[in-house]
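Not measured: the values here are computed from a predicted model. We name chains A, B, ... by the order of the sequence lines, and we start the count at 1 in each one.
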Amino acid sequence: MAMREIHLCVPVLARVEGEGALDLQVRNGRIETLRLRIFEPPRLFEKFLEGREYGEVPDLVARICGICPVAYQMSAVQAMEGLFGLDPDPWVHAMRRVFYCGEWIQSHALHIHWLAAPDFLGYDSAVDMAATHAEVLRRGLTLQSLGNAIVNLLGGRSVHPVGVRVGGFYAAPQTAEVAVLWERLVAAVPDAEALVAWTAALPLPPGDQDFVSVALRHPYDYPMNGGRIIASDGLDIPISEYESHFAEYQVAHSTALFSALHDRPYLVGPLARLNLNEDRLYPPVRAALARTGIPFPSRNTFHSIVARAVEIHQSLLEAIDLLTDYREPPRPAASGSPRAGIGFGATEAPRGLLWHRYELDSAGVVRHVRLVPPTSQNQARIEEDLWNDLEALGVDQDEDVLRKRAEMIIRSYDPCISCATHFLRVRVGQV
Amino acid sequence: MSEPHILREAIIRERIQESPTIFTLRLAFTDPEQRARYSFQPGQFNMVALYGVGQSPISIVSDPKDEHLLDHTIRGLGRVSLGLSRLTPGERVGLRGPYGRGWPLVAAQGRNIVLVTGGLGCAPAVSVIRYILRRRDRFGHLTILQGVKHSDDLIWRQQYERWSKLPDVHVGLAADVSAPGWFGQVGPVTVLFDRAPITPGSLVMMCGPEMMMRAVVTELLRRGIDENDIWLSMERNMHCAVGLCGHCQIGPHFVCRDGPVFSYPELKALLGERGF
Amino acid sequence: MAATGFLLRGYAQNLLDALMGMGYRCVGPQVRNGAITYDILSHASDLPWGWHDDQKPGSYRLERDGSPWGFAWANGPQGLKPLLFAPVDTLQTARRTEDGALHFEGATPHAIATAVLGVRACDLAALRLQDQHFLEGLVPDPHYAARRADLFLIAVHCTRPAVTCFCASTGDGPRAEHGFDLALGETVGGFLVTTGSAAGEDLADRLPLQAVLPKEQDALEASIAAAVAGQQRRLPSRDLRAALFAKLHHPRWEEVAARCLSCGNCTAVCPSCFCYAESEQPALDGLSSMHTRRWDSCFTQGHSAIHGTVIRSGTRERYRQWLTHKLGGWHDQYGRSGCVGCGRCITWCPVGIDITEEATSICGESHV
Amino acid sequence: MDAKLRLAVHKFSSCDGCQLAFLNMGADLLKLADLVDIVHFAEAGPMAPDATVDIAFVEGSISTPEDEERIRLVRKNSRHLVAMGACATAGGLQALRNRTAGADWIAAIYPQPEFIHALPTSTAVAAHVIVDEELWGCPVNGRQVLDAVRGRLFGVAPAVKNDKVCLECKRQQSVCVLVAHGAPCMGPVTRTGCGALCPHLQRDCYACYGPAENPNTRALGRRLADLGFSSAAIARRFLSINSAAPVFQDAGGLWQKGDHGDA
Ligand SMILES: Cc1cc2nc3c(=O)[nH]c(=O)nc-3n(C[C@H](O)[C@H](O)[C@H](O)COP(=O)(O)OP(=O)(O)OC[C@H]3O[C@@H](n4cnc5c(N)ncnc54)[C@H](O)[C@@H]3O)c2cc1C
Ligand code: SF4
Ligand code: SF4
Ligand code: SF4
């Protein structure tokens, strides 16, 4: 075999949220270096939050990520309420799930159609697909806008929604607006179901890797905003013990910290959730998934796109369910008073587990914060995946083929670099 | 019920560049019925609409006898007016009007007329000049005094020259700052007063910057002009042009409805008062 | 004005039913988000029974006192204005076809016949002013006219004015004197009913009215008299035109400008203020455009922008414009002051600036 | 028919939320792609960061030495540059670090700060290059973006929208939360554009659209103090999403020092 050196540098990754890059060096048919470089400047959120009152936190943490602000708000309010011993009414819990369903639907629909699908269909962007796949795009846009409409209902707008407060919501939607939205949601069910089949029928490359999946597990719900942290290696812990098992480290090539579970890379996100919680899906969703013929748990990361479609289907049915016979509550939020101590919050952002820890003083002023977003947890796993996959593919391939493949893999994780870099720790390695 | 806001389509028949920033649009309603129905008085204005962008009040500078053509001389300044400046003949605008109270032409009959204008303030006055010149027998001596900031700003130079050669017409031009070759005087418009036949009993019409008008009024009163014979055309922000939207008020007056032409006593108390 | 009948409180629903029977959509006061606001009303039980308001400069709170009264409060954040002069209203649409031709079309609303319950004397006076402005000027405003055409007004005499009210001083209340179809005077057991129009008589005929007892009439008169006596604020005079225009350089303008937020809340809640701004909303493809009007305020920059300069760039000039117009210019324009003494601009000013106090300071009278 | 306008979307330090104003516009995005050539928009696919364009939308603040260079290039390559969102118009939430020693923070946080190439400040685009149009808001909404594009297609100057949130709040007939609930609403000093979302949901505006024209921050601060808020709490109202907008920076600074603004 000819001696070959490849230096592959993708300076800006297209169709990912935020800006990252990839460096790949191959010598003599072996990968020598492989780095997912994240150079987006840090925004030092943990520092800004210090000295703020707990009530300001939901509005501020939303700004970490425009794509999953709901997730940040939900993890934050969970942490505060846990610390204050505040247990909101069932109405609040139900509406929070509805709210979160909206974010999953919009974020997943955006990823499937705008970011991932062009890869599998051979286009550079969704706009290029418009002529040949008009119907698919229309369906995608409908679902995406429904997701936004759900978030708008409770939050006023879908990016950095303004309706969330510790204890619940600032205002309850009116019955009439809910009824209008409900009709739209019901009408979209066939679209969601069709989307599952459509993603499964895409020419997804094969893949078979051994990796650990990590997700929340709830006694009876598909995991979203509550439960314990479990892993496919048998881990099963309350969220407050996260730091005893997961450790982070800094590498030179990334402004985001890497994360490891017992020193191993691991996967979070829709595929990990589905791998660990398939039994929590609604029966019609399970049936739709079964019809695809893809066996779960899956060891192929390209199946993430199918997992996203499944979660859209699940979220849509769940939102419909929770909004059926909607009634305005006497109060849209529970009230309580702050307490000094440490609160933990962990919810499933569209891209995976989002873990928060807040240390507050007795006046409810934030003293210390730690936020672990999904993308930094996936970083090591993405590099591992790339390494394995590209070597299996054969690094003697054309540079262009390697690059396309690498980008496709990275995109299937739907990394969100904005989230990743807004994560910063104060005392690395001292967990 | 008539809808006072509804625009009519008008076509640009001609576009004349008067100066680097000033241009004239010669407009005609496309609907012949509307054209036939439409009539105006010198000093009135139209709302000219740039499609999708907005509307601006603009004086009509043509003579009412130029029936089928409505000239609007505009300085490209803001969103609407700069946008209008890019239009070319054949393109369409929205038009509604005419609005407001024009010059006091009945009171002016048989009198000597003095027109004092500053800057583009000359636009509303041009219509009345044309009106008087076409009906020469009904009016006395006509004095036209125009002041500009810089001599390069002067538009309609040939017209002024043409007018100055007519019998019973006096034209004076002044520029605060002049370029070589300026044939007018240098200074504010009031420097023209000594050479102009401004006599008590004359009726004065003026438009231009309010500070200029205030200075002119003082000078006129000093020269024995009756304050009731001084008329001013005013400009204010305007959205509806029919006395509803409230923007154009100067004290108790709606400029769109009660003006834009006012007699000096009506405005006396607030002319030049900052904030009105 | 002697009442023609008495309606027991328990028959309030009959009143609504009768109105709906006459083909009206009913709008009435209801407790919403901490204030008494007007909204579609089908059930008399949704009226603010047992609620009263506690208003102060810059502050409004509702309290429930358990009394059976339904109208023992002064007024909420808005009067009739938004029902007729809509806060946002599309006036016209334009289309541009491929050949560049423009097509304009009006958008006059199809208004629904509406009955408003609970209208106060100050709001009737303000309605009269808005009618003068929108209907009796150079050209009547077709949008306002359409909404005004089928309006049925049920007034309620004020018996519990707020601390901020001063309608007695402007001559506009607290008793509803004219401009209504039917007026109610609330007393212990129910409402004294007075009719003000043929339609009002028609309505009265449909109600289970009883004869008015003299003591009921006396009780109402007494509580209206008490409402007059209870008002703590007043304007120095009903005509401040000359006084204000003579004081354009009073130092108080500067002083109030330091406190004023220039936020426009006073003009937005004032039932007589009429300023609006027009704007275009073109569709993305450029094929059509909507021409819309929105409530504007003399406290905005855009209100007085001309040739790239702003005539009233500072708050001093803006506040002075508001006050000299409201209490001065209106006399020339509409034959009276633009203020009906409702006190809304005092309550709903986030920093509690008090028109009566400012007018008094500037016009040089001691504040009473 | 004229050649289509060329459009680019560039990202600097931000949360990506403003770009979603494009990606969430639904069918309008396809229409937009029809009307203009989207030549660069990394998140949506098209990549040509160095292309010359007619209209460039810039999201994010300038916070690294590379950003400083890149924004100059973007300026050079763009006929009409639109700063989009609080990060681009005022430095964003991350400009809070400007008030302290940002470099020290990085040193305190990262075990190996030498790996991090960041400026001590996060600044608005206009602090570095000439900006033709500003869309305020955190985040901007689809309407703002579409209006900006439509304005370019018509070839007219941007419309000025700098009124206060209060007016829009009243047009919606929301009950004033400051007056009726004593909530620390920033509406009276905040620029319109969001649709008065917060008071509509019965909560205080937290000024995510930045300062309005002619804002009286002093009077509002004093009112909040009367309502019982501490100087520190009032300072934080101004020093939040748009902390580096000069008007808020000054007001926040005064209250932070405990200065009640009466001096
Ligand atoms: C009675 C009258 C006659 C006029 N005649 C002429 C004339 O013949 N030639 C000429 O060049 N100018 C004239 N003007 C001034 C001209 O209307 C304004 O300079 C022009 O409207 C500003 O428009 P713009 O495109 O520059 O500003 P923009 O800011 O784009 O105006 C946008 C909108 O704001 C409103 N608006 C803003 N400023 C003004 C303003 N100053 N006056 C009215 N509305 C405003 C309008 O509704 C307009 O649609 C006249 C003004 C008045 C009141
Ligand atoms: S000025 Fe004030 S008190 Fe007078 S009518 Fe208007 S809002 Fe009411
Ligand atoms: S709620 Fe806020 S925005 Fe609305 S009027 Fe009150 S102060 Fe202004
Ligand atoms: S009301 Fe204020 S904080 Fe809320 S969205 Fe609007 S500008 Fe932002």
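Checking C:His291 against C:Glu278 by side-chain atom types alone, a donor-acceptor pair falls below 3.5 Å. Side chains of C:Asp239 and C:Ser237: no donor on one and acceptor on the other come within 3.5 Å. In the model, C:Glu280 has a side-chain atom that pairs as donor or acceptor with a side-chain atom of C:Ser289 under 3.5 Å. No hydrogens or angles considered: a donor-acceptor pair under 3.5 Å links the side chains of B:Asn237 and B:His239. In this structure, a donor-acceptor pair under 3.5 Å is present between the side chains of C:His303 and C:Arg312. Donor-acceptor pairing under 3.5 Å is recorded for the side chains of B:Tyr38 and B:Asn46. Judged by distance alone, the side chains of B:Arg37 and B:Gln34 do bring a donor and an acceptor atom under 3.5 Å apart. A donor atom on one side chain and an acceptor atom on the other are found under 3.5 Å apart for C:Ser272 and C:Lys326. Judged by distance alone, the side chains of C:Asp89 and C:Tyr276 never bring a donor and an acceptor atom under 3.5 Å apart.
C:Arg293 touches chain B through its side chain: at least one heavy atom from C-beta onward sits under 4.5 Å away, while N, CA, C and O do not. With a 4.5 Å cut-off on non-hydrogen atoms, C:Gln281 does not touch chain B at all. If you measure heavy-atom distances from B:Val242 to chain C, the contacts under 4.5 Å come from both the backbone and the side chain. Proximity to chain B is limited to the backbone of C:Asp99, based on heavy atoms less than 4.5 angstrom apart. Residue B:Leu270 touches chain C through its side chain alone, counting heavy-atom pairs closer than 4.5 Å. When heavy atoms are compared at a cutoff of 4.5 Å, C:Phe245 approaches chain B solely by way of its side chain, counted from C-beta outward. Contacts between B:Cys240 and chain C at a heavy-atom distance below 4.5 Å involve backbone atoms as well as side-chain atoms. At a 4.5 Å heavy-atom cutoff, C:His103 makes no contact with chain B through either its backbone or its side chain. Proximity to chain B (any heavy atom under 4.5 Å) is shown, for C:Ser279, by neither the backbone nor the side chain. Proximity to chain B (any heavy atom under 4.5 Å) is restricted, for C:Gln333, to the side chain, taken from C-beta onward. With a 4.5 Å cut-off on non-hydrogen atoms, C:Arg294 does not touch chain B at all. For chain B, no part of C:Ala146 is nearby; none of its heavy atoms comes within less than 4.5 Å. Residue C:Leu244: no heavy atom, backbone or side chain, is found under 4.5 Å from chain B. Both the backbone and the side chain of C:His133 come within contact range of chain B, with heavy atoms under 4.5 Å apart. Contact annotation for C:Phe85: neither backbone nor side-chain heavy atoms come within less than 4.5 Å of a heavy atom of chain B. Contacts between B:Leu77 and chain C at a heavy-atom distance below 4.5 Å involve the side chain alone, from C-beta outward. Proximity to chain C (any heavy atom under 4.5 Å) is shown, for B:Arg75, by neither the backbone nor the side chain. Interface remark: C:His249 contributes side-chain atoms only to the contact with chain B (heavy atom separation under 4.5 Å).
Using bins of under 30°, 30° to 60° and over 60° for the plane-to-plane angle, the ring pair C:Phe274/C:Trp330 lands in the tilted bin.
Counting heavy atoms from C-beta outward, C:Ile353 and C:Glu358 have side chains that approach closer than 4.5 Å. Using a 4.5 Å heavy-atom cutoff, the side chains of C:Leu91 and C:Thr292 are not in contact. Side chains of C:Cys273 and C:Trp295 form no contact here, defined as non-hydrogen atoms less than 4.5 Å apart.
Proximity to chain C at a heavy-atom threshold of 4.5 Å picks out B:Arg92, B:Val93, B:Gly94, B:Arg96 from residues 83-105 of chain B, in numerical order.
Enclosure of atom CD in B:Gln17 by more than 12 non-hydrogen atoms of other residues, nucleotides or ligands within 6.0 angstrom is indicated.
Interface summary for chain B: among C:Gly286, C:Ser304, C:Ala283, the most heavy-atom pairs under 4.5 angstrom belong to C:Gly286. When each of B:Gln55, B:His253, B:Met238 is scored by its heavy-atom pairs under 4.5 Å with chain C, the top score falls to B:Gln55. Between chain C and the residues B:Gln249, B:His247, B:Glu9, the largest count of heavy-atom pairs under 4.5 Å involves B:His247. In terms of non-hydrogen atom pairs under 4.5 Å with chain B, the most contact-rich of C:Gly137, C:Cys298, C:Ser288 is C:Ser288. Top candidate by heavy-atom pairs under 4.5 Å with chain C, chosen from B:Cys245, B:Pro252, B:Gly243, is B:Cys245.
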Assess the residue pair B:Arg15 and B:Thr24 against the criterion (side-chain contact (heavy atoms from CB on, under 4.5 Å)); give the C-alpha distance rounded to whole Å, side-chain angles, the decisive distance to 0.1 Å, and a yes or no.
CA-CA 6 Å; B:Arg15 182 192 183 287; B:Thr24 297; over 6 Å; no

Could you give me the CA-CA distance, side-chain angles and deciding distance for B:Phe45 and B:Cys256, then say whether side-chain contact (heavy atoms from CB on, under 4.5 Å) is met?
CA-CA 9 Å; B:Phe45 65 98; B:Cys256 66; 4.1 Å; yes

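In this structure, C:Lys247 is not positioned above the aromatic face of C:Trp253 in the sense of NZ or CZ being under 6.0 Å from the six-membered ring centre and within 45° of the axis.
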